[in-house]
Structure formats: C-alpha cells, structure tokens
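Input: a single structure, listed below in structure tokens.
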Amino acid sequence: MRSISSHWPVSFRLTMTTSTHLLRNVAIIAHVDHGKTTLVDSLLAFCGTLRPNEAQPVCVLDSDPQERERGITIFSKNCAVNYAPTTGPNAGSTYRVNIIDTPGHADFGGEVERVLRMADGVLLLVDAFEGPMPQTRFVLSKALELGLRPLVVLNKVDRPEARCDDVIDEIFDLLIDLGADDEMLEFDVIYASGRDGWAATSLDGERTTIQPILDEIVERVPHPSDDPTAPLQMLITTLDYSEYVGRIAIGRVYAGTLTAGSSVAICRADDKVERVRVQKLHQFAGLGRMEVSEIHAGDLCAVEGIGESFDLGDTIADPERPVALPRVAVDEPTLHMLFRVNDSPFAGREGKFVTSRQLADRLQRETQANVALRVETGASPEEFQVSGRGLLHLSVLIENMRREGYELSVGRPDVIERVIDGTMCE
Ligand code: GDP
C-alpha cells in the first residue's frame, strides 16, 4: 500500500490521536457487484481523502489488479476517513471512521471472522433490486455471532427496477432466519446511490450528498469502549509484507496504548513470550497509512519492525504483564496443487524467473502475508506442494506469479482429505 501522508490536509494530520468516542470501526458486508467499491470511493472523495488527480472514481478498495478485474475482494483492506458533521448533535467534532472491508468469496471465508473482530458495527450493503444474496448470508451470520449491529444501506436506488420495500422485507426475513434479536431487527435503513454520490434516510429524502451515511455511522455505530490506560493488548488479525520492512502486523489495540519505539511482548501460539521493540506504527488514513507515534485502545494499526517471528492470532502485549487475547482461528487449506519448474520443451520462453530456487523464494514470500496458504517441498527439489482455501485462492496466486514473470508448471488440484474423529473427510 502506498504511503500518502504527505498529501493529507493539515487537519487530518493533526488528528492522529483520536479519543475513543470520536472513533468508529465499521465493517462493510456486501455481495459482489452490489456497489461496495463505488460507495467507498464516494465516501473517500466526499471526505477529501483522494488526491486531486484521483478525484474520479477509481475503485480504491479493490486495489489489487486482479481484484479489479475479477470484481471481488480477495485480501480485505482497511481505509479510514476523517469526518466532521456539519449539522445535528455531533456537529463541531471530527470523527475518524475506520472502514474494514470483508472478502466476498467463500474461499476467503476464514478471513471474514478475523476482520469482523476489528469492527464495532457493520454496514450491510444490498443492491435495491437484487436483494440479499447467499454470500451476504454467511458474512452477516458471522457479524451477528459477534454481536455487531447492522446498519442497512440499500444501494443502487437510482435503478429504475429498484424494489426497495421488498428488499427490506427480504433483509428482515434473513435476519430472523439468522436468529437476530429484536434490537437488531429494528435496523435503520439508508437509501443510496454510491455511483451518483448520494444517500438519504428516507426514500423521498434529498438526494444531494453521501453525507447521511457518515452521519448514520457516527450516530449508530457504537464507539470503542476499550480502555487506553489498561496494560497493552493488540491482537494480530491480518499480516502484510513489504520487501523493505518485512512482516507487518495489523490489528486492533483492545487495551492500553501502543507507542512507537517502545518495547513490547509478543505472546505466541506456543505460549512463548518474546520481547521486541516496535520500530514504526501506522494508522489507516484514506487508502494509505500514516505514521503515528501512538495508537490508543480501540483503534486499528499496522506495526512494523517487530521481527519476523510472529503470526496471525498472536497478541502484542505489555512487556511487564503480557496477557494473550483469545486466538483467532485460520481456516485449514482444502485443496493442494503441485507447483514445479517448467521442464517442458518450451521451457524458458515466457518467464524471467524459472529456477526452483526462485520459485521457492517467491512462494515463501507469499506465505508471509497470505495466511491460509501452505507451502511444502515436494518429492523432488524442483517441486512444491501448495495448499490453499480453494481454486480461486490458488488461481489468484498463479496468475500473480505469471504476471510477475515467473514461469512454472502446475498440476491438477486435489482435494485434501483428513481423518476427523476416525472418519475420512474431504
Ligand atoms: P463491488 O463488487 O460491490 O465492489 O461493486 P462495484 O462498486 O465494483 O460496482 C459494481 C457495478 O455496479 C459497477 O458496474 C458499478 O458501476 C455499478 N454500480 C455501483 N454503484 C452503483 C449505483 O449506485 N447505481 C447503479 N445503477 N450502479 C452502480
């Protein structure tokens, strides 16, 4: 992700340490094509967080090239906006809204639960013509399990064939089906057209700006109630990787304050506790990240320079009183494929990187951030068994490697079998 801090308006840069009641963490749940990316672009543009030459809709959330082409979210990303309401009870304050993207394909389902843990509320975005779709059901059920209250956004209301009342009934039925309580069933509805940049709290409301969505988030999504004075606890929920800084830990600080330069403990899966120093801290800002000196409980951040020996689910904790948070499970792989050097008669014609050493390095690098992926050496040094969550998961990796100039041959995908309670299961 690019760093765009130098492009931030001064007002944004000054609000680095937002108190928890001015903070909102909201996850967006949407079926593919229901307009999530366009809507987020619209929110970012409204809050002035796109650079002037990016002021046109650019599909910010789906920033991976394949995500744009395939129209799906593969790796969930966070972005953030600063919003100062101009009217109503909250006018005069500047809020920071962390927007957490959720993956929209079952292959990436394991990621859903983890990223939802960072949120205090969800925006359920539904196409006003199509209504709620199967994938929405899965993600929404996870959100309800975590007690996150949905704020419903009926999107694409501009469509002539929109059927708002029916779709609201369908959402109501879906929530009943998923066992939502009475409070959740009294959901608020926002009517919107992300493409045309407007939202309204009633069907006949003014259709001028996207602001009502931000007002509703500020109003309805609870602020984090985490204690910034308690001993530090940050749960590592997502991993990122950069060639320059190595592994990056991303997650929410649930207690205490994380300070750049300070020493912290990492509580690992094997119950080992390692002490490291935090080199750099970043907060989410627009579509990029901004370096900050402190992150208080309730906020999300990216931590750099704490070595390589941490993993998803580890807790970054107070070095004097390290207490781990409950771990988040990573979904087990379901399919594996053999990746091997291309030794066909046409070898070496397409790629720059063709040796097994180069393949091994690239695959190893991928496992640094692609947490559901496993790589093992195969029967010979030329081959690797790569296991992933599904065909889409593996095909995205293969295509990325191809585009980067790697040449390889792959075998057919095989379903992984496992013995569970004495029974062989796929
Ligand atoms: P995503 O897959 O949920 O991220 O959806 P996108 O934002 O990529 O949008 C999918 C398609 O719906 C694109 O062709 C958009 O131009 C279109 N779209 C997005 N928002 C709106 C809207 O508010 N109204 C209409 N009519 N079309 C929209």
Side-chain angles (χ1 to χ4, degrees), residues 1 26-47 49-50 54-79 81 99-109 111-112 115-116 119 122-140 143 150-164 166-168 170-171 174 189-214 216 286-287 392 396:
M1 215 180 259
V26 65
I28 302 201
I29 297 176
H31 186 76
V32 171
D33 267 356
H34 282 199
K36 176 178 64 182
T37 315
T38 311
L39 185 93
V40 171
D41 286 348
S42 215
L43 293 174
L44 285 166
F46 177 81
C47 294
T49 41
L50 293 176
E54 287 181 336
Q56 301 303 315
V58 288
C59 292
V60 161
L61 229 44
D62 289 344
S63 54
D64 179 87
Q66 285 202 65
E67 291 189 340
R68 290 199 201 178
E69 290 161 27
R70 295 176 188 237
I72 53 161
T73 298
I74 297 168
F75 305 108
S76 67
K77 290 165 290 284
N78 304 327
C79 58
V81 294
I99 301 172
I100 303 158
D101 193 7
T102 59
H105 190 281
D107 273 16
F108 306 98
E111 190 143 345
V112 167
V115 297
L116 283 177
V122 292
L123 274 194
L124 174 63
L125 186 75
V126 180
D127 184 309
F129 170 67
E130 290 196 348
M133 305 294 269
Q135 186 63 22
T136 313
R137 188 189 167 90
F138 171 74
V139 186
L140 188 59
L151 185 59
V152 171
V153 179
L154 275 201
N155 195 30
K156 307 197 188 181
V157 170
D158 61 277
R159 287 177 72 170
E161 64 276 45
R163 38 181 202 98
C164 298
D166 290 350
V167 169
I168 291 173
E170 289 166 20
I171 295 170
L174 173 61
V189 179
I190 308 168
Y191 301 85
S193 169
R195 190 195 60 187
D196 299 346
W198 61 261
T201 48
S202 67
L203 246 185
D204 51 8
E206 225 181 296
R207 300 181 168 190
T208 45
T209 126
I210 203 77
Q211 204 169 350
I213 294 191
L214 294 159
E216 290 292 303
L287 57 144
L392 180 68
V396 166

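Indexing begins at 1, ligand by ligand and atom by atom, following the structure's order. Here the structure is a predicted model, which is why all the values come from computation and not from measurement.
Across all non-hydrogen atoms, the minimal contact from Asn78 to Asp101 is OD1-N, 4.4 Å. When all heavy atoms of Tyr191 and Ser202 are compared, the closest pair comes out as CD1-C, 3.6 Å.
Taking any N or O of Ser193, backbone or side chain, at least one lies under 3.5 Å from an N or O belonging to ligand 1. Distances between N or O atoms of Asp196 and those of ligand 1 include no value under 3.5 Å. Checked by distance only, ligand 1 and Ala192 stay at 3.5 Å or farther apart across all their nitrogen or oxygen atoms. The N/O atoms of Gly194, backbone and side chain alike, include one that comes under 3.5 Å of an N/O atom in ligand 1.
Of all atoms in ligand 1, listed by their number and element, those nearer than 4.0 Å to a heavy atom of Asn155 are 23 (O). Numbered from 1 in the order shown, with element, the atoms of ligand 1 that lie under 4.0 Å from a heavy atom of Arg159 read 26 (N). Of all atoms in ligand 1, listed by their number and element, those nearer than 4.0 Å to a heavy atom of His34 are 3 (O). Counting atoms of ligand 1 from 1 in the listed order, those under 4.0 Å from a heavy atom of Gly35 are 1 (P), 3 (O), 5 (O), 6 (P), 7 (O), 9 (O), 19 (C). Contact atoms of ligand 1 toward His31: 3 (O) (distance under 4.0 Å to a heavy atom of the residue).
Of all the heavy atoms of Leu125, none lies under 4.0 Å from any atom of ligand 1, so neither backbone nor side chain is involved. Contacts with ligand 1 closer than 4.0 Å are made by heavy atoms of both the backbone and the side chain of Lys156. If you look at Asp158 next to ligand 1, the close heavy atoms, those under 4.0 Å, all belong to the side chain.
Here the NZ-OG1 distance, from Lys36 to Thr102, works out to 5.0 Å after rounding to the nearest 0.5 Å. Summarising the geometry, atom CD1 belonging to Ile210 is positioned 9.0 Å from atom CZ belonging to Phe46; distances are rounded to the nearest 0.5 Å. One finds the CD1 atom of Ile171 at 11.0 Å from the CG atom of Asp166 (value rounded to the nearest 0.5 Å).
If you check the side chains of Glu130 and His34, you find a donor sitting under 3.5 Å from an acceptor.
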(message) Quick one, Leu43 with Leu214, criterion side-chain contact (heavy atoms from CB on, under 4.5 Å). Give me CA distance, side-chain angles, the key distance, then yes/no.
(response) CA-CA 8 Å; Leu43 293 174; Leu214 294 159; 3.9 Å; yes

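Under the side chain to side chain donor-acceptor pair (under 3.5 Å) criterion, Arg159 pairs with Asp127, Glu161, not counting sequence neighbours. The side chain to side chain donor-acceptor pair (under 3.5 Å) check on Asp158 picks up Ser193, Arg195, with sequence neighbours excluded.
Here the shortest heavy-atom distance to atom 9 (O) of ligand 1, taken over Leu39, Thr38, Asp101, belongs to Thr38.
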